[in-house]
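Counting convention: from 1, in listed order, for ligands and their atoms alike. The first residue in the sequence is number 1, and the count goes up from there.
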Amino acid sequence: MEKYENLGTIGEGSYGVVMKCRRRDTGEVVAIKKFLDNEEEDKAVKKIAMREIRMLKKLKHENLVNLLEVFRRKKRLYLVFEYIDFTVLDNLERCPNGLDEKTTKKILFQVIRGVEFCHKCNTIHRDIKPENILVSRGGIVKICDFGFARSAVGENLTDYVATRWYRAPELLVGDPRYGKPVDVWAIGCLASEILTGEPLFPGDSDVDQLYHIIRCLGNLPSKYREIFQRNPLFLGMRVPESRSQEPLEKKVHKGSKMAVDLIQCCLLLDAEERYTCRQLLEHEFFQHRNFSEKFTEELRLKMRKMD
Ligand SMILES: Oc1ccc(-c2ccc(-c3cc(Nc4ccc(CNC5CC5)cc4)n[nH]3)cc2)c(O)c1
């Protein structure tokens, strides 16, 4: 770590702390994740760290934060990533009423491209939220913190700890068969929050989270109600139901009809019906006035300038 000057902690990733650092010889600013030293002895955490590194090394895409280097120092493991200036959360703190639809569209387009790439690599991010979406001064968006990312195939996906407000209904009721659609749900919640400046479903418990969702989108599909009723965590509780409705178009008050429709497609209650990232990118919201093709070219030129 002598190679780097520590400029301060920027976050607590899973199993470690993430610091902003400057490389002494080149002046390059990076983000370094340091695995906690007492984890070294724990074989289980070493296995998790190795899985995280394997996953990060395969996830190379212009809209995913890039792992630059891995090194070990005094028995501690360090992951060196590129540093990007802001998070969407920073932008929303500067613009508490949300961002304009054009800026929102540019951010969402890049988030969905990044998540689509993860899904093509059979990886679920599992913690898409404003603080995990990085935005450079030039408007390039990169998703970070794959600390919770998991393979979408094979692994038992029951250990779920990601941020409640962006959690899909299948996760909240405890369906262990969840998959890639949980990231699409989170994208829908993110899209609304970027437009309005307010979290879409700010639940203060898992059951309250379900109430927020049901009040807006209607009652849960029967297959989720049955899982909820069998879940020992909800023993003795009734499946949340709601008669009063607060429709999505009212909650996403700033969005155009196309924007609300895109969010609606992300928030289909049944994960099997929910849009995929590819379907979202082909949605009228991104195809209208040829935005997708024009912006893709704009991004290509921006990336070329950065090289
Ligand atoms: O498994 C892992 C572990 C860690 C990461 C990770 C990689 C990179 C970053 C990162 C963060 C970052 N930039 C940044 C981070 C935090 C802020 C917060 N703004 C402060 C509040 C005013 C602003 C900018 N650049 N790069 C953060 C996390 C990762 O992507 C995967």
Notebook entry, point to check: Going by heavy atoms, is Lys20 under 4.0 Å from ligand 1?
Noted result: no
Check: Do the two ring centres, one from His61 and one from Phe117, sit under 6.0 Å apart?
Finding: yes
Margin query: I need the atoms of ligand 1 closer than 4.0 Å to a non-hydrogen atom of Thr87, numbered in the order shown.
Written below: 16 (C), 17 (C), 23 (C)
Check: Which one of Asp206, Asp127, Asp204 satisfies the salt bridge (charged side-chain N to carboxylate O under 4.0 Å, His left out) criterion with Arg164?
Finding: Asp206
Next item on the list: Could you please spell out the steps behind the salt bridge (charged side-chain N to carboxylate O under 4.0 Å, His left out) verdict for Glu5 and Arg22?
Entry: CA-CA 5 Å; Glu5 176 195 355; Arg22 179 183 292 114; 3.1 Å; yes
Margin query: Could you tell me, atom by atom, which parts of ligand 1 come under 4.0 Å of a heavy atom of Val65?
Written below: 7 (C), 8 (C), 30 (O)
Next item on the list: Would you mind finding which of Asp90, Ile53, Ile32 brings a heavy atom closest to atom 18 (C) of ligand 1?
Entry: Asp90
Next item on the list: Show which atoms of ligand 1 fall inside a sub-4.0 Å distance from at least one heavy-atom site of Ala31.
Entry: 8 (C), 9 (C), 10 (C), 26 (N)
Notebook entry, point to check: Going by the atom numbers of ligand 1, which of them fall below 4.0 Å from some non-hydrogen atom of Glu52?
Noted result: 1 (O), 2 (C), 3 (C)
Next item on the list: Report, in ascending order of atom number, the atoms of ligand 1 lying under 4.0 Å from any heavy atom of Lys33.
Entry: 3 (C)
Check: How about Glu297: does its CD atom have over 12 heavy atoms from other parts shown lying under 6.0 Å from it?
Finding: yes
Margin query: Check this for me, if you would: do Glu62 and Lys302 make a salt bridge, where the nitrogen-to-carboxylate-oxygen distance has to be below 4.0 angstrom?
Written below: no
Next item on the list: Measure up the Phe295 and Phe109 rings against each other and bin them: parallel (under 30°), tilted (30 to 60°), perpendicular (over 60°).
Entry: perpendicular
Notebook entry, point to check: Side chain or backbone of Asp85 under 4.0 Å from ligand 1, or both, or neither, by non-hydrogen atoms?
Noted result: backbone
Check: From Leu79 CG over to Ile32 CD1, what is the distance, rounded to the nearest 0.5 angstrom?
Finding: 9.5 Å
Checklist line | Residue selection (non-hydrogen contact nearest atom 14 (C) of ligand 1) among Val30, Val18, Ile84 | finding: Ile84
Margin query: Suppose I only count heavy atoms of Glu82 and a 4.0 Å limit; which atoms of ligand 1 are within that range?
Written below: 25 (N), 26 (N)
Next item on the list: Would you mind telling me if ligand 1 is within reach of the side chain of Phe81, the backbone, both or neither, using heavy atoms under 4.0 Å?
Entry: side chain
Next item on the list: Run the contact test for Asn132 against ligand 1 with a 4.0 Å cut-off on heavy atoms, strictly below, and give the result.
Entry: no
Checklist line | The single option from Lys142, Lys20, Lys60 passing salt bridge (charged side-chain N to carboxylate O under 4.0 Å, His left out) against Glu82 | finding: Lys142
